[in-house]
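Encoded as structure tokens, the structure appears first; notes follow it.
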Amino acid sequence: MPPKTRARVSKRAADSGKDDDGKTAVGKRKKTGKAKESSVSAGSPEYCHWLMKSEPESRFENGIDVKFGIEDLKALPNQTGCWDGVRNYQARNFMRQMKVGQLAFFYHSNCKEPGIAGVMKIVKEAYVDHTQFDKKDVHFDANSKPDNPKWSMVDVQYQRMTKRFLPLSELKKYHLQHRAAGGPLKDMALFTRARLSVQPLTTEEFDFVLSLEDKEPL
DNA sequence: GCCAACGTTGGC
DNA sequence: GCCAACGTTGGC
């Protein structure tokens, strides 16, 4: 059985050279079992902003620490890393829609204070996540074969910290307000698709969240 | 540590 | 292709 873990990033720097060409992941893919694969072509909106979750606090999975917070991304060469370890089809499919230059929130999950810590940029589009073939990796997937890889990743580069940390609790208050009275966060995936580790934001959602930087905490 | 929510698996 | 059982996510 494939590991069904939350999305997580390794401490690996992204520039390690050997990546199978970045385009294979985006093109045709075989149907893989029963998981629903949303497709861009089927009239779904094309998103251009994202939110990606990772855990900033130490947690051990099979004896391996999966901690990877925004400070860890910042510390990598070129402040760039590959977002490996995503083992959920919807999350993977969103990564496959990402384009170079697009912005994503770095979200801290499963920690003291969950919320948005900073902004990063997509610097390489989807390509094969090599950790799926690595028996020693937490995210090894015995069902995935190199001639038909299941999982993809993108490279992200640190851009900046948000001017202040934007806690989940605050975002949730806005979400509830907006759901009741209308507003940009009424359908935010963070709340409507709670467990999705890579998720899209509309421009309105993204801009509204960024505008909170300059506001007093709610 | 609890547990609700929800994605995935597998029997039928 | 349905759906109950199972396992994981992730806030609290």
Side-chain angles (χ1 to χ4, degrees), chain A residues 1-10 29-40 42 44 47 50-73 83-97 104-118 120 126 129 131-132 134 137-145 148-153 162 164-180 185-201 205 209 212 217-218:
Chain A
M1 180 168 51
K4 290 177 297 249
T5 63
R6 49 201 98 181
R8 215 166 288 109
V9 197
S10 76
R29 48 188 190 264
K30 300 254 289 248
K31 302 241 321 217
T32 38
K34 349 208 135 143
K36 291 179 208 85
E37 308 198 23
S38 64
S39 100
V40 208
S44 55
Y47 294 102
W50 310 96
L51 179 148
M52 302 168 88
K53 300 181 183 177
S54 187
E55 301 185 39
E57 293 172 7
S58 280
R59 192 175 61 81
F60 288 86
E61 206 172 300
N62 307 335
I64 297 163
D65 191 356
V66 296
K67 165 187 188 297
F68 189 84
I70 193 162
E71 299 296 341
D72 299 300
L73 176 62
W83 205 267
D84 62 17
V86 171
R87 295 295 180 268
N88 168 281
Y89 289 111
Q90 292 186 46
R92 179 203 68 179
N93 291 347
F94 283 130
M95 283 203 298
R96 289 179 175 184
Q97 294 181 35
F105 288 126
F106 196 121
Y107 179 89
H108 281 171
S109 71
N110 201 26
C111 57
K112 280 280 179 42
E113 238 209 331
I116 292 171
M120 53 194 174
D129 178 347
T131 64
Q132 67 198 296
D134 180 359
D137 195 279
V138 185
H139 303 290
F140 172 67
D141 182 354
N143 295 324
S144 185
K145 299 291 170 242
N148 185 22
K150 288 168 64 176
W151 306 111
S152 303
M153 62 187 183
T162 46
R164 65 181 179 89
F165 184 79
L166 302 173
L168 174 65
S169 56
E170 182 176 344
L171 296 171
K172 190 172 213 162
K173 286 178 197 164
Y174 282 108
H175 167 65
L176 294 173
Q177 277 184 13
H178 293 183
R179 212 177 53 183
L185 297 197
K186 69 173 162 33
D187 297 319
M188 191 182 186
L190 190 57
F191 306 105
T192 58
R193 321 284 342 266
R195 292 171 48 196
L196 194 56
S197 65
V198 176
Q199 40 182 268
L201 285 83
E205 289 166 344
V209 171
L212 297 179
L218 190 68

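Quick note on labels: first sequence line is chain A, next is B, and so on, each numbered from 1. Reckoned from all heavy atoms, side chains included, excluding hydrogens, waters and symmetry mates.
Between the CG atom of A:N143 and the C1' atom of B:dT8 there is a distance of 12 Å, rounded to whole Å. A:E61 has its CD atom 9 Å from the P atom of C:dT8, to the nearest Å. In this entry the distance linking CG of A:L196 with C1' of C:dT8 reads 14 Å, nearest Å. The distance between atom CG of A:N88 and atom C1' of B:dA5, rounded to the nearest whole Å, is 14 Å. Following rounding to the nearest Å, A:Q90 (CD) and B:dT8 (C1') show an atom-to-atom distance of 11 Å. As rounded to whole Å, 11 Å separates atom P of B:dC6 from atom NZ of A:K53. Nucleotide C:dT8 holds its P atom 14 Å from the CG atom of A:D141, rounded to whole Å. Counting to the nearest Å, the C1' atom of B:dT8 and the CG atom of A:N93 are 15 Å from each other.
Of the side-chain N and O atoms in A:N110, none sit less than 4.0 angstrom from OP1 or OP2 of C:dG11. Side-chain nitrogen and oxygen atoms of A:Y89 include none within less than 4.0 Å of the OP1 or OP2 phosphate oxygen of B:dC6. Under 4.0 angstrom from either OP1 or OP2 of C:dG10 there lies no side-chain N or O belonging to A:K172. For the OP1/OP2 pair of C:dT8 and a distance below 4.0 Å, the side-chain nitrogens and oxygens of A:R87 include no atom meeting the criterion.
Of the candidates C:dT8, C:dG11, B:dG7, the closest approach to any side-chain atom of A:R193 belongs to B:dG7. Of the listed nucleotides (B:dC6, C:dG11, B:dG7), C:dG11 has the atom at the smallest distance from the side chain of A:Y107. Set against C:dG11, B:dC6, B:dG7, the side chain of A:L168 has C:dG11 as its closest nucleotide.
Atom CZ of A:R59 is separated from atom NZ of A:K67 by 13.5 Å, given to the nearest 0.5 angstrom.
One end of the helix from B:dG1-C:dC12 to B:dC12-C:dG1 points its axis 10° away from the other end's axis, with each axis taken from 5 pairs and the angle rounded to 10°.
Screening A:I116, A:L190, A:I70 for a side-chain contact (heavy atoms from CB on, under 4.5 Å) involving A:F105 leaves a single residue, A:I116. Screening A:K53, A:E55, A:E57 for a side chain to side chain donor-acceptor pair (under 3.5 Å) involving A:N110 leaves a single residue, A:E55.
Contact of the A:F94 side chain with the A:Y89 side chain is not registered, since no non-hydrogen atoms from C-beta on lie closer than 4.5 Å.
In this structure, A:D129 contributes its side chain and A:G85 its backbone to a donor-acceptor pair below 3.5 Å. Judged by distance alone, the side chain of A:E170 and the main-chain N or O of A:P167 form no donor-acceptor pair under 3.5 Å.
Every residue two or more places apart in sequence or in another chain that forms a side chain to side chain contact (heavy atoms under 4.5 Å, CB included) with A:P56 is listed here: A:H108, A:C111.
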